[in-house]
Amino acid sequence: MTEISGVCEERFAGVSDALAANLDSGLDVGASVSVFVDGVAAVDIWGGHLDEERTVPWERDTITNVWSITKTMTALCALILADRGELEFSAPVARYWPEFAAGGKSSVEVRHLLGHTAGLSGWTEPVTAEDMADWDKVTSLLAAQEPWWEPGTQSGYHALTQGFLVGEVVRRITGVSLGSFFASEVAGPLGADFHIGLPAEEDARVAPVIPPAMEIPEGFDMTSIAARTLMNPAMTGAEPWAPGWRRAEIPAANGQGNARSVALVQSVVAGGGEVGGVRLLSSKGCEAIFEEQANGTDLVLGPGFRLGTGYGLRSELIPIGPHACFWGGWGGSIVVIDLDARLVVSYVMNRMAAALLGDTRGADILFAAAVGASA
């Protein structure tokens with residue numbers, strides 16, 4: 001069995017076993033898992049390797065690109081501003097970002113951005129992966145374009161655009177970038193090793209993601225909203241290998257961290273706004289997450305999704321607790337936050353699965369964590 005390092009309370013032994021099984025089977029190359037209860041790490045483990053050749057071990061401070069787990073960090077920044085009274089989720093985006101009113105978007109509300117219902121799941125103009133590092137270009141294009149469907153009526157996963165949309169609102173309110181706000185107001189006070197815009201001196205700790213084999217499904221409608229969202233820009237999964245990607249602030253997709261840092265930050269939500277004696281927002285401010293924004297078929301991801309303010313909520317497809325929320329990252333990373341249990345489970349890995357949905361690695365770890373939490 002693969003050696004698993006770190007600490008793991010006995011009741012969560014199944015979590016360690018699940019990680020070891022993933023690594024032994026070859027489904028994972030390197031990964032970390034954390035379970036925080038009441039803001040304290042009951043599980044903080046890692047194993048495997050940084051590289052596909054399995055020559056460099058995954059260490060305690062190894063970090064990797066967690067893709068859309070970054071969205072939970074961006075959402076937390078918005079929740080903090082709302083709790084401070086500086087942002088209203090029901091306000092028009094144009095109140096904070098006047099240029100956004102173009103293209104018939106004057107009535108689009110901030111909550112629509114966070115709930116993936118703004119009708120801006122992609123760019124109408126062609127863009128490249130390299131353009132994601134050009135904040136002014138990608139936000140200006142979004143401000144100018146018309147929605148692809150009536151905002152507020154249905155969700156369509158804003159895979160890359162959500163971070164720029166919410167991030168620009170944060171920038172207009174605070175005068176600093178989303179990554180800077182997160183670093184100074186969230187990661188810094190908590191001592192969390194999570195970065196939206198990674199300094200060059202941290203590169204040596206990065207486990208490069210291992211992209212999946214990419215195939216376009218037979219019969220996939222290339223004119224659909226899903227195709228227009230997911231294929232502009234066309235992504236391979238290897239984008240985080242480029243230093244320009246890591247230096248940029250792409251608040252929906254380029255956060256660099258590990259399971260420990262993800263769980264630590266999201267323990268703020270599990271703890272009703274506070275973790276480790278550091279309060280970032282009120283308990284009421286956390287409850288805004290559970291204001292349902294969409295429920296049903298997502299125009300990009302398909303049926304079964306129920307979305308709150310910045311996070312996914314319990315549904316038949318995602319049978320988490322009634323007072324829990326979650327999100328996952330492309331390739332398999334996941335975080336689940338249960339406010340009733342004051343519990344956070346996070347899983348971060350470098351080998352990406354091909355499917356957006358249906359990866360069992362994280363599911364096995366979540367099940368084991370649930371068993372341990374109920375013991």
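Partners of Tyr157 under the ring pair (Phe, Tyr, Trp, His ring centres under 6.0 Å) rule, at least two apart in sequence or in another chain, are His116, Trp327. Residues forming a side-chain hydrogen bond (donor to acceptor under 3.5 Å, both in side chains) with Thr74 (at least two apart in sequence, or on another chain): none.
For the pair Val269/Leu281, no side-chain contact is recorded, criterion being any heavy-atom separation below 4.5 Å from C-beta on. Contact check for Met132 versus Val138: side-chain heavy atoms found under the 4.5 Å cut-off. Residues Trp135 and Glu168 have side chains in contact (heavy-atom distance under 4.5 Å, counting atoms from C-beta outward). At least one side-chain heavy atom of Leu198 sits under 4.5 Å from a side-chain heavy atom of Ile63. Under the 4.5 Å side-chain criterion, counting only non-hydrogen atoms from C-beta, Tyr347 is not in contact with Ser32. Taking 4.5 Å as the limit, every side-chain heavy atom of Val275 sits out of range of all side-chain heavy atoms of Val265. The shortest distance between side-chain heavy atoms of Val348 and Ile69 does not fall below 4.5 Å. Contact check for Asp17 versus Leu19: no side-chain heavy atoms found under the 4.5 Å cut-off.
Side chain of Asn232 to backbone of Arg228: no donor-acceptor contact under 3.5 angstrom is found. In this structure a side-chain-to-backbone donor-acceptor pair under 3.5 Å is present from Asp338 to Asp340. Within the 3.5 Å criterion, the main-chain N or O of Asn258 finds a donor-acceptor partner in the side chain of Ser261. For the pair Ser25 (side chain) and Ala21 (backbone), a donor-acceptor distance under 3.5 Å is present. One N or O on the side chain of Trp241 and one on the backbone of Val209 form a donor-acceptor pair closer than 3.5 Å. A donor-acceptor pair is defined here as one N or O able to donate and one able to accept, closer than 3.5 Å; such a pair exists between the side chain of Thr128 and the backbone of Asp131. Judged by distance alone, with hydrogens and angles left aside, the side-chain atoms of Thr229 form a donor-acceptor pair with the main-chain N or O of Ile225 at under 3.5 Å. For Thr309 (side chain) and Ala288 (main-chain N/O), a donor-acceptor pair under 3.5 Å exists by modelled atom type. Within the 3.5 Å criterion, the main-chain N or O of Leu114 finds no donor-acceptor partner in the side chain of Lys71. A donor-acceptor pair under 3.5 Å is absent between the side-chain atoms of Gln154 and the main chain of Thr117, judged by distance alone.
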Output a table of donor-acceptor pairs, distance under 3.5 Å, between side-chain atoms of residues 96-103 and any protein atom two or more places apart or on a different chain; print 'none' if there are none.
from	atom 1	to	atom 2	distance (Å)
Tyr96	OH	Glu88	N	2.9
Glu99	OE1	Arg172	NH1	3.0
Glu99	OE1	Arg172	NH2	3.3

Give the table of side-chain donor-acceptor pairs shorter than 3.5 Å for residues 368-375, with sequence neighbours excluded, one pair per line with atom names and distance.
from	atom 1	to	atom 2	distance (Å)
Ser374	OG	Ala370	O	3.2
Ser374	OG	Val371	O	2.9

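Rounded to the nearest 0.5 angstrom, Ser267 OG and Leu190 CG are separated by 9.0 Å. Expressed to the nearest 0.5 Å, how far CG of Leu307 lies from SG of Cys325 amounts to 12.0 Å. Here the straight-line distance linking atom OG of Ser121 with atom CG of Leu230 works out to 8.0 Å at 0.5 Å rounding. Annotation: the span from Phe182 atom CZ to Glu249 atom CD amounts to 11.0 Å, rounded to 0.5 Å. Note that CZ of Arg306 and CD1 of Ile320 are 9.0 Å apart. Values are rounded to the nearest 0.5 Å. Distance NZ/Lys105 to CG/Leu142: 8.0 Å, rounded to 0.5 Å.
By the neighbour-count criterion of 12 heavy atoms within 6.0 Å, atom CD of Glu202 is densely surrounded, having more than that number from other residues, nucleotides or ligands. Under a cut-off of 6.0 angstrom, the local environment of CD in Glu201 is crowded, with over 12 non-hydrogen atoms contributed by other residues, nucleotides or ligands. Atom CZ of Phe367 has 12 or fewer neighbouring heavy atoms from other residues, nucleotides or ligands inside a 6.0 Å radius. Heavy-atom neighbours of Glu150 CD from other residues, nucleotides or ligands within 6.0 Å: at or below the threshold of 12.
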Practice problem: Report the C-alpha separation of Phe326 and Ile337 in whole Å, then their side-chain angles, then the decisive distance to 0.1 Å, and conclude whether the side-chain contact (heavy atoms from CB on, under 4.5 Å) test is met. | Solution: CA-CA 6 Å; Phe326 79 98; Ile337 307 115; 6.0 Å; no

Quiz item: Going through the distances and angles, do Trp46 and Asp44 end up as a side-chain contact (heavy atoms from CB on, under 4.5 Å)?
Solution: CA-CA 7 Å; Trp46 58 91; Asp44 179 14; 4.0 Å; yes

Quiz item: Would Gln266 and Ser346 count as a side chain to side chain donor-acceptor pair (under 3.5 Å) if you check the C-alpha gap in whole Å, the side-chain angles of each, and the deciding distance to 0.1 Å?
Solution: CA-CA 9 Å; Gln266 296 304 322; Ser346 61; over 6 Å; no

Quiz prompt | Test salt bridge (Lys or Arg N to Asp or Glu O under 4.0 Å) applied to Arg84 and Glu185, step by step | solution = CA-CA 12 Å; Arg84 293 176 181 176; Glu185 302 293 327; 2.8 Å; yes

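The list of salt bridge (charged side-chain N to carboxylate O under 4.0 Å, His left out) pairs with a residue in residues 261-276, not counting sequence neighbours, reads Glu274-Arg279. Identified under the ring pair (Phe, Tyr, Trp, His ring centres under 6.0 Å) test for residues 243-266, with sequence neighbours left out: Trp67-Trp245.
Using modelled atom types, one finds no donor on one side chain facing an acceptor on the other under 3.5 Å when comparing Ser140 with Asp136. Side chains of Gln256 and Arg246: no donor on one and acceptor on the other come within 3.5 Å. If you check the side chains of Asp298 and Ser155, you find a donor sitting under 3.5 Å from an acceptor.
Contact check on Lys284 versus Asp83 returns no salt bridge, with no Lys/Arg side-chain nitrogen under 4.0 Å from an Asp/Glu carboxylate oxygen.
With hydrophobic clusters built from ILVMFWY side chains whose heavy atoms lie under 4.5 angstrom apart, Phe181 shares a cluster with Ile173.
With Asp28 as reference, Arg361 is the one residue of Arg351, Arg361, His49 to meet the side chain to side chain donor-acceptor pair (under 3.5 Å) rule.
Closest approach of Ile45 to Cys8, counting heavy atoms only: CG2-CB, 4.1 Å.
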